[in-house]
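Basis for what follows: all heavy atoms, side chains included, without hydrogens, waters or symmetry-related copies. Labels below follow one simple rule: chain letters A, B, ... track the order of the sequence lines, proteins then strands, and each chain is numbered from 1.
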Amino acid sequence: MVNITLPDGSVRSFDAPVTGLELAGSIGEGLKKAAVAITLDGTQKDITTTITKDSEVSIITNSTDEGLEIMRHTVTAQVLARALKNLYPSAKLAIGPTIDSGFYYDISTEEKITTEDLDKIEAEMRKIVGEGLDITRKEYTRDEAIKLFESRNEPFKIEIINDTPESETHFGIYEQGDGVFYDLCRGPHLTSIKKVGAFKLLSVAGAYWRGDAKNEMLTRIYGTAFKTEKELKAYLRMMEEAEKRDHRKVGPALDLFHFQEEAQGQVFWHDKGWKLFLTLQDYIRNKLAAHNYQEVNTPQLVDHSLYIKSGHWEKFSHGEIFEVKESETKLSALKPMNCPCHVQIFNTGLKSYRDLPLRMAEFGCCMRNESSGSLNGLLRVRSMTQDDAHIFCTPQQIESEVVLLCELIKDIYGDFGFNDIVVKFSDRPEMRVGSDDVWDAAEQALKDACDAAGLTWTLNPGEGAFYGPKLEFVLKDCIGRDWQCGTIQMDFNMPGRLGATYINEQGEKEHPVMIHRALLGSLERFTGILIENFAGHFPLWLAPVQIGFSGVIEKHNEHAYKLAKQFEEAGFSTFVDPRNEKINYKIREMAHQKIPYMAIIGDREIEEGTVTIRRLGEGNKTTTYKVEELIAKMQEEVVTKALPPMAE
RNA sequence: GCCGGCAUAGCUCAGCUGGUAGAGCAACUGAUUUGUAAUCAGUAGGUCGCGAGUUCGAAUCUUGCUGCCGGCACCA
């Protein structure tokens with residue numbers, strides 16, 4: 001008797017062991033058809049797995065995310081991998097996992113594989129799908145598995161087997177057809193190649209074996225798959241649309257900034273982009289005032305001895321810090337971070353426990369020699385402006401300070417319309433300063449504070465700063481890449497290294513705790529994310545040009561300028577298009593320039609003292625306002641930081 | 001930094017196997033005086049990323065460099 005408990009709590013009893021497929025069939029024919037795998041007592045298994053004892057089972061169908069992932073896994077590990085072996089017999093297979101957007105396979109080849117080869121590989125994959133062989137799982141002993149992969153010349157597979165703990169005595173190997181193709185795999189897989197959906201190979205890239213730069217660089221082939229051709233097409237179309245939001249295209253097109261070779265990784269901010277930048281800075285500056293921060297400014301060029309003391313010099317001794325020879329004997333650094341300088345300010349004069357928490361902020365311009373391959377428009381630059389601050393506090397104040405920060409960050413991100421922020425908790429890295437006791441305390445303190453703030457986070461193991469654990473507030477760019485923006489970092493180490501002390505209530509000297517935090521992160525990166533998030537169509541309060549005026553014909557220009565002046569005086573940034581062009585044309589251009597309010601001035605408006613506007617994002621609807629009325633409406637929109645209407 | 005790709009006018013792109021550059025939009029000039037996403041005509045615009053090589057001749061072939069793109073590694 002086998003009793004199987006289903007997710008809804010119902011129990012099905014069978015006289016003899018059953019397979020997942022039989023179980024699905026006993027529930028319904030439709031379910032049987034859609035079933036791709038099962039979850040048996042919390043672990044994913046093949047649909048053909050025999051259930052021999054009482055267990056909890058749920059059936060994974062092809063219309064769930066889990067089912068999609070299993071199908072993608074089969075596409076990469078069975079179809080793509082085999083196609084690559086067919087076309088490049090000497091290729092050695094590494095690994096082929098699924099990722100959020102699809103899958104990849106890493107191989108080592110003598111031949112160069114380029115984007116142009118993808119069609120050829122895809123054609124081979126279709127051939128394999130056409131054959132539609134069955135996939136079966138077999139258990140091999142360690143020796144058998146190694147022998148199999150030795151005979152197939154797959155050293156990476158053997159390395160994987162050799163690196164598993166001795167306690168693993170058996171390995172699951174999936175066999176396609178009758179010995180046509182073998183792959184080492186945890187599974188589960190579809191039972192037949194016939195069942196894979198629509199797929200497409202997307203790109204070729206390099207990737208280090210096991211993610212380690214010391215290892216061989218393999219060729220990685222990215223692709224994606226969906227249940228239906230329609231979903232695949234929709235995904236590809238969505239990606240195409242998303243790429244149009246790329247801040248590196250939109251930014252220069254809107255005349256916000258540009259880059260050029262002579263200043264790699266640094267931004268040439270144009271008038272409009274700088275307006276946006278300053279708006280963000282003012283916004284944060286107002287928050288600082290409201291949260292009892294002091295704002296400071298510290299030197300750009302600092303003797304390297306300070307960074308030796310702080311520990312940065314040793315940690316970043318691979319050229320990340322720009323070195324400047326100030327004289328024959330004096331070696332300085334272009335400030336790569338603000339913290340050591342802030343401690344210098346803290347260290348002037350005696351500090352009492354009554355001075356804590358002391359919140360010190362700086363819009364510090366930091367320069368880091370980021371590797372050329374990591375540079376990415378505004379999202380990763382060599383010269384950036386952090387909205388940085390350091391909070392010097394007592395251990396007892398940590399929790400309340402972090403709670404305040406979490407609330408502040410939530411509040412700020414909400415103002416930009418980012419309501420579902422991903423928070424990562426990064427704990428101690430391998431390369432670090434400070435004792436394990438101190439790390440235990442720091443990590444615990446940060447976790448407690450997260451709980452108190454009601455933050456949910458995911459663990460990002462080993463990714464903390466070298467001086468302490470950190471929280472990262474992560475936003476995504478237009479093609480779904482993660483970027484760390486805000487951060488809160490706990491530091492029990494640097495105050496001691498740099499001799500920061502305060503006099504506690506007992507009259508003794510003590511090191512304060514330092515909390516490093518940035519709200520937006522770097523203003524450059526945050527601006528880039530904003531451009532992509534809004535596709536250049538910013539909320540009114542951020543828009544570098546807020547209202548544009550065009551006369552119907554040339555004689556209306558004078559009035560257009562007069563109105564523009566009136567709106568300037570009311571605090572708006574304006575634009576006037578005096579050109580002798582049709583208004584259709586001028587409207588079109590203002591829309592392309594993402595000017596939120598587009599005003600057309602003709603005889604009627606002049607007579608009536610009104611403005612007729614068209615709001616970007618609201619189609620061709622026009623509304624006529626009294627001038628003061630529109631000013632009030634727009635001021636309201638600025639004050640409430642309303643998000644822009646998005647229907648384009 | 002590593003793997004692969006790319007670099008032609010302000011922008012988007014064409015230029016086949018080598019015969020020394022072409023379109024649309026933008027710009028400029030003129031005509032048009034126009035009511036909500038492209039008015040018409042004309043003019044001008046390029047050391048084909050930079051350097052070397054092969055060749056009678058290079059945007060095109062080879063090579064070195066620089067930058068950019070996609071990944072990987074890195075990310076205070």
| request: Can you tell me the distance, in whole Å, between the CG atom of A:Leu616 and the C1' atom of B:A37? | output: 11 Å
| message | Could you report the tightest heavy-atom contact between A:Pro645 and A:Leu616, atom names first, then the distance? | response | CG-O, 3.4 Å
| Using the P atom in both, what is the distance from B:G35 to B:U39, to the nearest Å? | 12 Å
| request: For B:G49 versus B:U8, give the span between their P atoms, rounded off to a whole number of Å. | output: 6 Å
| field | Nearest-angstrom distance from the residue atom CH2 of A:Trp209 to C1' of B:C72 | value | 14 Å
| request: Assign A:Glu216 to base, sugar-phosphate, or nothing according to its heavy-atom contacts below 4.0 angstrom with the strands shown. | output: nothing
| query | To the nearest 0.5 Å, what is the distance between CD1 (A:Ile391) and CD (A:Glu401)? | reply | 5.0 Å
| field | Under-3.5 Å donor-acceptor pair between A:Tyr208 side chain and B:G1 base | value | yes
| Tell me, what's RNA chain B's dot-bracket, Watson-Crick or G-U with both distances under 3.5 Å, | for other-strand, [ ] crossing? | (((((((..((((.....[..)))).(((((.......))))).....(((((..]....))))))))))))....
Collect all protein-nucleotide pairs involving nucleotides 74-76 of chain B in which both atoms are nitrogen or oxygen and the distance is under 3.5 Å.
{"unit_1": "B:C74", "atom_1": "O2", "unit_2": "A:Arg380", "atom_2": "NH2", "d": "2.7"}
{"unit_1": "B:C74", "atom_1": "N3", "unit_2": "A:Arg380", "atom_2": "NH1", "d": "3.1"}
{"unit_1": "B:C75", "atom_1": "O2", "unit_2": "A:Arg380", "atom_2": "NH1", "d": "3.1"}
{"unit_1": "B:A76", "atom_1": "OP2", "unit_2": "A:Lys470", "atom_2": "NZ", "d": "3.0"}

Taking only N/O atoms, report every protein-nucleotides 61-66 of chain B pair under 3.5 Å with atom names and distance.
{"unit_1": "B:U66", "atom_1": "O2'", "unit_2": "A:Glu261", "atom_2": "OE1", "d": "2.7"}

| Is the charged tip of A:Arg72 near the ring of A:Phe103: under 6.0 Å from the six-membered ring centre and within 45° of its axis? | no
| said: Between B:G10 and B:G64, how far apart are the two P atoms, rounded to whole Å? | reply: 29 Å
| request: Quick one: do A:Phe466 and A:His312 satisfy ring pair (Phe, Tyr, Trp, His ring centres under 6.0 Å)? Show the steps, please. | output: CA-CA 9 Å; A:Phe466 75 94; A:His312 288 104; 5.1 Å; yes
| field | A:Glu605 CD - B:U36 P separation (whole Å) | value | 11 Å
| message | Counting the atoms with a prime plus P, OP1 and OP2 as sugar-phosphate, which does A:Ser550 contact under 4.0 Å by heavy atoms, base, sugar-phosphate, or nothing? | response | nothing
| field | Residue A:Ser372, side-chain heavy atoms: nucleotide from B:U33, B:G1, B:A37 that is nearest | value | B:G1
| Is any N or O donor-acceptor pair between the side chain of A:Arg614 and the base of B:A37 shorter than 3.5 Å? | yes
| Among A:Leu378, A:Ile531, A:Leu520, which one satisfies side chain to side chain contact (heavy atoms under 4.5 Å, CB included) with A:Phe526? | A:Leu520
| request: Please find out if less than 6.0 Å separates the ring center of A:Phe257 from that of A:His270. | output: no
| Judged by modelled atom types alone, do A:Ser332 and A:Glu323 share a side-chain donor-acceptor pair under 3.5 Å? | no
| message | Looking only at the side chain of A:Arg579 (C-beta and beyond, no hydrogens), which of the listed nucleotides B:A27, B:U12, B:G35 gets closest? | response | B:A27
| Would you call A:Arg604 and A:Thr610 a side-chain contact if the rule is heavy atoms closer than 4.5 Å? | no
Pull out every protein N or O sitting under 3.5 Å from an N or O of nucleotides 3-5 of chain B, one pair per line with the distance.
{"unit_1": "B:C3", "atom_1": "O2", "unit_2": "A:Gly206", "atom_2": "N", "d": "3.1"}

| message | Regarding A:Asp603, tell me which of base, sugar-phosphate or nothing describes its non-hydrogen contacts under 4.0 Å with the strands shown. | response | base
| Do A:Met634 and A:Ile547 have side-chain heavy atoms sitting under 4.5 Å apart? | yes
| At under 4.0 Å between heavy atoms, what does A:Lys621 touch on the DNA or RNA strands: base, sugar-phosphate, or nothing? | nothing
| task | For nucleotides B:G22 and B:G46, find the distance between their C1' atoms and express it as a whole number of Å. | result | 11 Å
| request: Would you indicate whether the side-chain heavy atoms of A:Thr527 and A:Val267 approach each other to under 4.5 Å? | output: no
| query | Taking the C1' atom of each, how far is B:U20 from B:G15, in whole Å? | reply | 13 Å
| request: Rounded off to whole Å, could you give me the CD-to-C1' distance for the A:Gln593 and B:A38 pair? | output: 15 Å
| request: Could you check if a side-chain atom of A:Cys366 sits within less than 4.5 angstrom of a side-chain atom of A:Asn338, using non-hydrogen atoms only? | output: yes
| said: Any side-chain N or O of A:Tyr585 below 4.0 angstrom from OP1/OP2 of B:A26? | reply: yes
| field | Test side-chain hydrogen bond (donor to acceptor under 3.5 Å, both in side chains) applied to A:Arg382 - qualifying residues, sequence neighbours left out | value | A:Gln264, A:Asn369
| request: For A:Arg248 and B:C69, give me the distance from atom CZ to atom P, rounded to whole Å. | output: 5 Å
| request: Find the distance A:His592:NE2 to B:U12:C1' and express it as a whole number of Å. | output: 13 Å
| query | Tell me, do A:Met360 and A:Ile345 make a side-chain contact under 4.5 Å, heavy atoms counted? | reply | yes
| task | Rounded off to whole Å, could you give me the CG-to-C1' distance for the A:Leu379 and B:C68 pair? | result | 15 Å
| field | Rounded distance in Å - CG (A:Asp577) to C1' (B:A37) | value | 14 Å
| Using atom C1' of each nucleotide, how far apart are B:C61 and B:G19 to the nearest Å? | 15 Å
| request: In whole angstrom, give me the gap between the C1' atoms of B:G18 and B:A59. | output: 10 Å
| query | Given B:G35, is OP1 or OP2 found less than 4.0 Å from the side-chain N or O atoms of A:Lys586? | reply | no
| Expressed as a whole number of Å, how far does the P atom of B:G51 sit from that of B:A14? | 24 Å
Validation: residues 490-498 of chain A side-chain donor-acceptor distances under 3.5 Å, sequence neighbours left out:
{"unit_1": "A:Asp491", "atom_1": "OD1", "unit_2": "A:Asn493", "atom_2": "N", "d": "2.7"}
{"unit_1": "A:Asp491", "atom_1": "OD1", "unit_2": "A:Met494", "atom_2": "N", "d": "2.9"}
{"unit_1": "A:Asp491", "atom_1": "OD2", "unit_2": "A:His516", "atom_2": "NE2", "d": "2.8"}
{"unit_1": "A:Asn493", "atom_1": "ND2", "unit_2": "A:Val433", "atom_2": "O", "d": "3.2"}
{"unit_1": "A:Asn493", "atom_1": "ND2", "unit_2": "A:Tyr467", "atom_2": "O", "d": "3.0"}
{"unit_1": "A:Arg497", "atom_1": "NE", "unit_2": "A:Lys309", "atom_2": "O", "d": "3.0"}
{"unit_1": "A:Arg497", "atom_1": "NE", "unit_2": "A:Ser310", "atom_2": "O", "d": "3.3"}

| field | A:Lys476 side, atom NZ; A:Arg481 side, atom CZ - distance, nearest 0.5 Å | value | 11.5 Å
| For A:Gly602 and A:Ser203, take the nucleotide of RNA chain B holding the closest heavy atom to each; which residue's nucleotide lies nearer the 5' end? | A:Gly602
| Any side-chain heavy-atom pair of A:Thr298 and A:Lys335 under 4.5 Å | yes
